[in-house]
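Atoms within each ligand, like the ligands themselves, are counted from 1 in listed order. Reckoned from all heavy atoms, side chains included, excluding hydrogens, waters and symmetry mates. The first residue in the sequence is number 1, and the count goes up from there. If you're wondering where the values come from, they're calculated on a predicted model, not measured in any experiment.
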Amino acid sequence: MKQVVAHAQAFVGVPELPPDKSIAHRAAMISAISDGVSRIVNYPSSADPQSTLSCLRQLGVSVTFEETGDDGGIMVVQGVGLRGLKAPSRQLDCGNSGTTMRLLSGILAGQGFESKLVGDDSLSSRPMERIAEPLRRLGASVSTTDGHAPIVIGGGKLHGVHFETPVRSAQVKSAILLAGLYADGETSVTEAAPTRDHTERMLGLSVIQIGGQRVINVQPIKRIPSRTWTVPSDFSAAAFFIVAATVLENAKSIMMGVGLNPTRSALLDVLKAMGAKIGISNERERGGEPIADLQIESAALSGVVIDEALIPNLIDELPILAVAATQAEGRTLVRGAGDLRNKESDRIDAVCVNLRALGASVEEFDDGFAITGPTKLTGTTVSSYHDHRIAMSMGVAGLIASGETTVENSECVAISFPGFWDELEKMSIV
Ligand code: S3P
């Protein structure tokens, strides 16, 4: 599919945002290994969280829906307990979802059966030794295919280990913590820079701050009690509308109940430092996660140097930040973000190629990019690289650019935000 986006004269409204993908994956997996019936309110219909559900079903977990059905209903998960998953009769297809593959590997490391995890072409090209190696150290038998999926995980008797995570990745940390539930002693992970902390929040793990480092401890447990989870709106989805409502003229947007976990929301701090007008109100908690309402309006931006320590807290927002940087006065510098090359696409390459095609002034580095603005963007045809966040970033770039921008393979937004193009169109006045 090709999406044509016209230049917007104004951008106004309240977008309907999808539920948080990261929290949803974790809620489904934790519910599956809990004792008894858990409920998940606001489980996303997007493709990645659905990949997690289909894997859990193959592992013998019953997932049904109350009320409105798969889309928006209350999801009911019959937890089978920590050791109650069944050997799958076929390979577990994680689709495009790195979170499904990496977090589920942590749980499967503690089971008494063998399973094989596969993914689509993009997922099969992403690095998997980063989880395989620590899971082996815990005692699991794990083999990758030249460092990639397919991954074969044989259960093992796991032992507590202390890890200093070399990769700044919440997925790696979470795989270790979930496997640690099955170890015979304490497992801990020390992280130099905080990555998203949903797993430790949701499992209620002990987190201590030692110097500048966070140490997360997980003790072997016998059972996880069932509970009800409510998934907040996804900050990473809101990010596209936050940037659009900032850089476009005559723009104003309100977003309700957006997840504002500080390990996820550094984009707000960066945009504010650039001059964005962002109001945050009605701050509250939902299911142990901070949420709030956001009010955004057009603002003039200036370039900034992004502190490398913040990179894990805005890793998924860097492509849309790059779009914002094309409209900021001066140079915006992003370094220390080499892991962007290991996402659903090589996002450094994708951002640089596409923004250059639209007329932006872009320098590319191994571990980031610099963008000097403001530049007038001119509509052209750009590739989504089959990557949902690149497609959505280019959609916003298309609103800024003069004329029309065509985003190729635009259907990939369904990975995290099936309604994205409708919401964008609803708010754009062309
Ligand atoms: C995620 C962690 C991040 C992020 C991904 C979701 C998670 O990956 O890019 O979209 O849910 O844990 P890394 O932790 O590998 O950087």
Side-chain angles (χ1 to χ4, degrees), residues 18-30 44 46-49 51-52 94-107 119 122-123 125-134 148-149 163 165-178 189 191-203 214 216 231-232 234-240 259 261 263-267 289 308-321 336-348 350-351 367-368 387-393 412-413 415-417:
D20 190 293
K21 186 160 88 70
S22 283
I23 294 174
H25 287 296
R26 288 162 171 82
M29 290 185 203
I30 295 171
S46 52
D48 272 7
S51 292
T52 288
C94 303
N96 190 246
S97 175
T99 312
T100 306
M101 185 170 276
R102 295 194 176 116
L103 271 58
L104 201 53
S105 294
I107 292 174
S122 153
L123 185 53
S125 69
R126 296 177 65 185
M128 291 299 154
E129 272 303 312
R130 55 177 59 191
I131 51 145
E133 190 272 332
H148 302 100
F163 293 93
T165 49
V167 200
R168 294 189 297 176
S169 160
Q171 293 182 347
V172 174
K173 171 181 67 178
S174 300
I176 295 171
L177 295 175
L178 288 164
V189 179
E191 44 176 20
T195 62
R196 66 188 68 189
D197 66 357
H198 305 303
T199 306
E200 45 270 48
R201 279 177 188 256
M202 295 170 82
L203 289 172
R214 289 174 84 244
I216 306 121
V231 185
D234 197 334
F235 179 79
S236 298
F240 301 101
N261 181 313
T263 60
R264 291 283 297 281
S265 59
L267 176 74
E289 290 279 343
E308 289 189 22
L310 287 182
I311 294 294
N313 306 143
L314 81 169
I315 188 79
D316 289 344
E317 288 66 66
L318 288 170
I320 190 61
L321 177 64
D339 214 31
L340 267 189
R341 296 198 184 272
N342 296 320
K343 297 293 178 186
E344 287 84 327
S345 68
D346 175 343
R347 287 185 177 159
I348 294 179
V351 158
D367 64 345
D387 179 336
H388 55 131
R389 297 200 203 282
I390 297 300
M392 293 188 276
S393 300
C412 60
V413 300
I415 290 296
S416 64
F417 196 164

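- The distance from the CG atom of Leu104 to the CG atom of Leu178 is 9.0 Å, given to the nearest 0.5 Å.
- Nearest non-hydrogen protein atom to atom 14 (O) of ligand 1 is Ala170 N, 2.7 Å.
- Here His25 has no heavy atoms under 4.0 Å from ligand 1, in either its backbone or its side chain.
- Counting protein heavy atoms only, atom 12 (O) of ligand 1 is closest to Arg26 NH2, 2.6 Å.
- The side chain to side chain contact (heavy atoms under 4.5 Å, CB included) test applied to Glu308 returns Arg335, not counting sequence neighbours.
- For a threshold of 3.5 Å applied to N or O pairs, the pair formed by Lys343 and ligand 1 contains at least one separation below that value.
- Glu191 contributes a side-chain N or O that, together with a main-chain N or O of Thr195, makes up a donor-acceptor pair within less than 3.5 Å.
- The backbone N or O of Val172 lies less than 3.5 Å from a partner atom in the side chain of Ser169, making a donor-acceptor pair.
- Evaluation of the side-chain hydrogen bond (donor to acceptor under 3.5 Å, both in side chains) rule for Ser345 yields Asp387 as partners, not counting sequence neighbours.
- The nearest protein atom to atom 15 (O) of ligand 1, hydrogens excluded, is given as Ser169 OG, 2.9 Å; this is a heavy-atom distance.
- For the pair Ser97 and Leu123, the tightest heavy-atom approach, listed with the atom from each and the gap, is O-CD2, 3.5 Å.
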* Asked: Can you check side chain to side chain donor-acceptor pair (under 3.5 Å) on Arg102 and Ser174, steps first, answer last?
  -> CA-CA 8 Å; Arg102 295 194 176 116; Ser174 300; over 6 Å; no
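- Taking only nitrogen or oxygen atoms, main chain and side chain alike, Ser174 does not reach within less than 3.5 Å of ligand 1.
- Residue-to-ligand polar distances place Asp316 within reach of ligand 1: an N/O pair is separated by less than 3.5 Å.
- Shortest contact from atom 1 (C) of ligand 1 to any protein heavy atom: Gln171 NE2, 3.5 Å.
- Of the protein's non-hydrogen atoms, Ser22 OG, 2.7 Å is the one closest to atom 11 (O) of ligand 1.
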